[in-house]
Q: 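Before I ask anything, here is the structure I am working with.
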Amino acid sequence: MLQIFNTLTRKKEKFEPVTPGIVHMYVCGPTVYNYIHIGNARSAIAFDTVRRYLEYRGYKVKYVSNFTDVDDKMINAARENHTTVGAIADKYIAAFMQDTAALNISSDVIHPRATENIPEIIDFVKTLVDNGSAYNVDGDVYFRARKFPSYGALPHINVDQLEIGASQHVSQEEMAKKEDPIDFALWKKSKGDEISWESPWGKGRPGWHIECSVMSTKYLGKTIDIHGGGEDLIFPHHENERAQSEAKTHQTFVKYWMHNGFVTIGDDNEKMSKSLGNFITVHDLLKHLDGQVIRLLMSTTHYRRPIQYSDASVQEAKSNLKKLQTAFNNLTYRLHNAESGDDPKTDQEVRQIVADFTDAMDDDFNVQNGIAAVYELAKFANTYSERSVVFQLSIQFIINTLKQLAGIFGIKLEQSELKDDEIWKLIHERESARKNKDFIRSDEIREELKARGIVLEDTPQGTRFRKEQQ
RNA sequence: GGCGGUAUAGCCAAGUGGUAAGGCAGAGGUCUGCAAAACCUUCAUCGUCGGUUCGAAUCCGAUUACCGCCUCCA
């Protein structure tokens with residue numbers, strides 16, 4: 001039985017989607033005014049891993065993740081670069097697609113943009129104004145938060161105990177306009193020449209929270225199964241989404257709220273964020289690091305725990321990735337020297353490991369126990385592939401299983417191929433040199449190939465090769 | 001000030017009452033022409049203090065430290 005920790009109830013709950021067999025999930029995406037940093041990547045990876053596991057469990061998943069492509073930061077970025085908000089968005093959305101592809105995040109995602117849903121946003125806000133949930137003050141529209149009975153339930157806060165302006169991000173003018181300090185903007189009046197749209201309240205643009213409510217309900221329906229994002233979004237962003245959505249539809253907005261922990265960095269494990277300026281972009285990281293390493297590091301940390309990003313954690317992920325690839329290579333190599341048929345006892349042991357994996361992952365995506373099962377399978381694979389007699393079908397079964405389970409973590413296991421004839425010649429030359437006990441020549445060849453990134457390994461079944469990763 | 005999270009070996013980390021999974025790094029070994037890879041062995045009493053219990057990392061109380069949120073944030 002799959003259980004998910006719901007931020008709203010702070011409990012693990014049995015997962016039962018609204019429609020049996022189908023999961024509707026929405027994950028808050030980035031504001032596209034810069035390259036994404038590894039904190040953004042963490043969120044995308046965490047929920048992509050959730051998605052892959054749900055699919056493994058047989059669910060069909062419809063996945064929506066937005067791009068916030070208009071807000072103060074977008075406007076400032078456009079101004080600084082003497083270009084348009086749209087151009088900034090296009091540039092960084094393209095970069096986002098590249099970066100997330102390198103992290104092997106599924107591309108089967110609907111990516112709506114706020115600016116492409118303006119009429120729907122205006123309609124949504126209009127409904128809230130009409131039913132008394134929101135009010136217009138001279139072109140700015142605010143939501144009456146206190147009027148929503150359960151306001152504060154998601155973040156578990158008592159509205160009266162909020163320290164007004166604690167984060168020091170709200171201007172005096174804005175405070176003066178609101179009926180109540182906790183009210184939040186649905187629609188922002190245009191300040192002169194900045195990007196804007198016509199609306200019943202004059203020229204303006206959407207507030208931040210409204211886009212997610214609009215796009216979530218538009219693409220996935222009034223009640224969705226999973227809504228995800230970083231834990232910094234719990235309040236106010238997700239609480240505001242919940243309030244405004246339910247004030248409009250009078251139905252539960254989200255069944256399971258899921259929030260991922262932060263990526264921390266530095267000796268004091270400080271949260272990585274764009275505003276703190278301590279961020280590493282995925283774009284830069286990929287220049288010298290295999291995306292699969294980052295993927296493994298992040299998908300094997302439980303989504304609610306912080307990830308300490310450091311040289312040590314990257315190194316560990318590198319080693320572990322290599323471990324998986326090696327086990328896969330060892331098996332694949334041995335496939336050529338296997339007896340036909342299968343070995344039921346081996347298959348049974350593999351199935352047991354898969355059962356352990358599933359048990360772990362069913363428990364709120366307990367990936368540490370899940371990956372432990374995968375490492376056990378890798379060890380089992382290595383031991384098996386060194387047996388004197390192995391069976392093709394069993395090897396193939398282990399390969400398929402290893403590939404499938406690693407795939408849930410976003411790790412692609414593929415057979416490396418050597419297309420270069422010259423390299424093959426050298427490998428064959430070395431084999432005959434070894435037969436003639438000409439170890440000087442054979443070591444020479446091994447060194448030469450190593451310098452070209454190809455490592456040779458001698459086994460009882462012959463010489464095998466692998467490409468050395470960077 | 002309010003709310004929440006975390007504290008387990010050098011590092012990452014599992015574990016919700018019965019005498020501490022797994023991984024990385026380290027050490028020793030097997031295998032190998034030498035290697036590589038793999039495999040085997042080895043490496044902690046769970047922040048501190050007190051309590052409950054036959055028995056606690058696990059429950060209760062207190063305490064300390066670090067991190068996060070309180071309308072920019074994944």
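For the numbers below, each heavy atom of this structure counts, side chains included, while hydrogens, waters and symmetry mates do not. No experiment lies behind these values; they were computed from the predicted model shown. Below, read A as the first sequence line, B as the second, and so on, with proteins coming before strands; counting in each chain starts at 1.
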Q: Mind checking the P distance from rU58(B) to rG50(B)? Whole angstroms is fine.
A: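 About 14 Å, rounded to a whole number of Å.
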Q: Starting from P on rG4(B), measure out to CZ on R304(A) and report it in whole angstrom.
A: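 That distance rounds to 15 Å.
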Q: Who passes ring pair (Phe, Tyr, Trp, His ring centres under 6.0 Å) against F184(A), sequence neighbours left out?
A: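 Once residues adjacent in sequence are excluded, the partners of F184(A) under the ring pair (Phe, Tyr, Trp, His ring centres under 6.0 Å) criterion are F143(A), H209(A).
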Q: Contact class for F439(A) (heavy atom, under 4.0 Å): base, sugar-phosphate, or nothing?
A: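 Since a base atom lies under 4.0 Å of F439(A), the category is base.
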Q: What integer number of Å spans the P atoms of rG4(B) and rG22(B)?
A: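 These two P atoms come out 35 Å apart once rounded.
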Q: How close or far is atom C1' of rC34(B) from atom CZ of R446(A), stated in whole angstroms?
A: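 To the nearest whole Å, that distance equals 6 Å.
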Q: What is the distance from CG of D356(A) to P of rA14(B), rounded to the nearest Å?
A: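 Computing the D356(A):CG to rA14(B):P distance gives 17 Å.
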Q: Please confirm whether any donor atom in the side chain of D232(A) sits under 3.5 Å from an acceptor in the base of rG68(B), or the reverse.
A: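 For D232(A), whose side chain was compared with the base of rG68(B), there is no donor-acceptor pair (under 3.5 Å).
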Q: Specify the separation, in whole Å, of atom CE of M361(A) and atom P of rG22(B).
A: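 M361(A) atom CE is separated from rG22(B) atom P by 20 Å.
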Q: Please measure how far the C1' atom in rU48(B) lies from the corresponding atom in rC54(B), and state the result in whole Å.
A: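 Nearest-Å result for rU48(B) against rC54(B) at atom C1': 26 Å.
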Q: Quick one: M74(A) CE to rC73(B) P, roughly how many Å, whole number?
A: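 Between P of rC73(B) and CE of M74(A): 13 Å.
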Q: Can you find an N or O donor on one side and an acceptor on the other, under 3.5 Å apart, linking the side chain of E316(A) with the base of rG23(B)?
A: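 Check passes, donor-acceptor contact within cut-off.
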Q: Could you measure between the two C1' atoms, the one in rA13(B) and the one in rU6(B), and give it in whole Å?
A: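 My reading of the C1' atoms in rA13(B) and rU6(B) gives 13 Å.
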Q: Counting just side-chain N and O atoms, does T264(A) come under 4.0 Å of either OP1 or OP2 of rG68(B)?
A: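 No, outside the criterion.
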Q: Starting at CD of Q308(A) and ending at C1' of rG5(B), how long is that distance when rounded to a whole Å?
A: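 In whole Å, rG5(B) C1' and Q308(A) CD are 14 Å from each other.
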Q: Could a donor-acceptor pair under 3.5 angstrom be found where the side chain of K271(A) meets the base of rC73(B)?
A: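 Yes.
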Q: With hydrogens left out and only the distance checked, is there a donor-acceptor pair under 3.5 Å joining K73(A)'s side chain and the base of rC72(B)?
A: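 Yes, a donor-acceptor pair under 3.5 Å.
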Q: If you take all heavy atoms of T301(A) and Q368(A), which pair is closest and at what distance?
A: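 Heavy atoms only, the tightest pair is CA-OE1, 4.2 Å.
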Q: List the protein contact pattern of nucleotides 36-47 of chain B with one symbol per nucleotide (5' to 3'): B for base contact, S for sugar-phosphate-only contact, - for none; contact means a heavy-atom distance under 4.0 Å.
A: BBSSS-------
Q: Under 4.0 Å between any heavy atoms, over every strand shown, what does E270(A) touch: base, sugar-phosphate, or nothing? Just pick one.
A: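 Sugar-phosphate contact only - E270(A) comes under 4.0 Å of backbone atoms but never of a base.
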Q: When the P atoms of rA14(B) and rA7(B) are considered, how many whole Å apart are they?
A: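 To the nearest whole Å, 8 Å.
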Q: Just the rounded figure in Å: distance from C1' of rC73(B) to CZ of F235(A).
A: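 From F235(A) CZ to rC73(B) C1': 14 Å.
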Q: Looking at residues at least two apart in the chain, or sitting in another chain, which of them share a salt bridge (Lys or Arg N to Asp or Glu O under 4.0 Å) with K12(A)?
A: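 Only D363(A) meet the salt bridge (Lys or Arg N to Asp or Glu O under 4.0 Å) criterion with K12(A).
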Q: I'd like the C1' distance from rU45(B) over to rU8(B), given in whole Å.
A: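 To the nearest whole Å, 9 Å.
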Q: Show every donor-acceptor pair shorter than 3.5 Å between a side-chain atom in residues 350-359 of chain A and any protein atom, with sequence neighbours excluded, or say none if there are none.
A:
{"unit_1": "R351(A)", "atom_1": "NH1", "unit_2": "Q348(A)", "atom_2": "OE1", "d": "3.3"}
{"unit_1": "Q352(A)", "atom_1": "NE2", "unit_2": "D356(A)", "atom_2": "OD1", "d": "3.1"}
{"unit_1": "T358(A)", "atom_1": "OG1", "unit_2": "V354(A)", "atom_2": "O", "d": "2.9"}

Q: Say you pick atom C1' in rA56(B) and the same atom in rG15(B); how far apart are they, in whole Å?
A: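 Here rA56(B) and rG15(B) have their C1' atoms 13 Å from each other.
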Q: Starting at CG of L377(A) and ending at P of rG23(B), how long is that distance when rounded to a whole Å?
A: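 The answer, rounded to whole Å, is 13 Å.
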Q: Parallel, tilted or perpendicular for Y151(A) and F148(A), by the 30°/60° rule?
A: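 Y151(A) vs F148(A) ring planes: perpendicular.
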Q: In terms of the nearest nucleotide of RNA chain B, which residue is placed more toward the 5' end: H156(A) or R430(A)?
A: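 Mapping each residue to its closest nucleotide by heavy atoms, the 5'-most match is H156(A).
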Q: If we take the P atom in both rG10(B) and rG26(B), what is their distance in whole Å?
A: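 Those two atoms are separated by 16 Å.
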Q: Quick one: label N260(A) by what it contacts on the DNA or RNA (base, sugar-phosphate, nothing), any heavy atom closer than 4.0 Å.
A: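 Base contact.
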Q: Quick one: salt bridge (Lys or Arg N to Asp or Glu O under 4.0 Å) partners of E239(A), sequence neighbours excluded?
A: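 So E239(A) forms a salt bridge (Lys or Arg N to Asp or Glu O under 4.0 Å) with R242(A).
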Q: Does V263(A) or F184(A) map to a spot on RNA chain B nearer the 5' end, using the closest nucleotide for each?
A: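 Between the two, 5'-proximity favours F184(A).
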Q: Quick one: does M74(A)'s side chain get under 4.5 Å of D71(A)'s, heavy atoms only?
A: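 The answer is yes; the side chains approach within 4.5 Å.
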Q: Taking the minimum atom-to-atom distance to the side chain of S273(A), which one of rC73(B), rA25(B), rA21(B) wins?
A: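 Nucleotide nearest to S273(A)'s side chain: rC73(B).
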Q: For H336(A), check ring pair (Phe, Tyr, Trp, His ring centres under 6.0 Å) against everything at least two apart and list the hits.
A: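 Expected list: none.
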Q: Scan D443(A) against the nucleic acid and name what it touches under 4.0 Å (heavy atoms): base, sugar-phosphate only, or nothing.
A: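 Base contact.
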Q: Would you say the rings of W201(A) and Y135(A) are close, in the sense that their centroids are separated by under 6.0 Å?
A: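 Not close enough - the centres of the two rings lie 6.0 Å or further apart.
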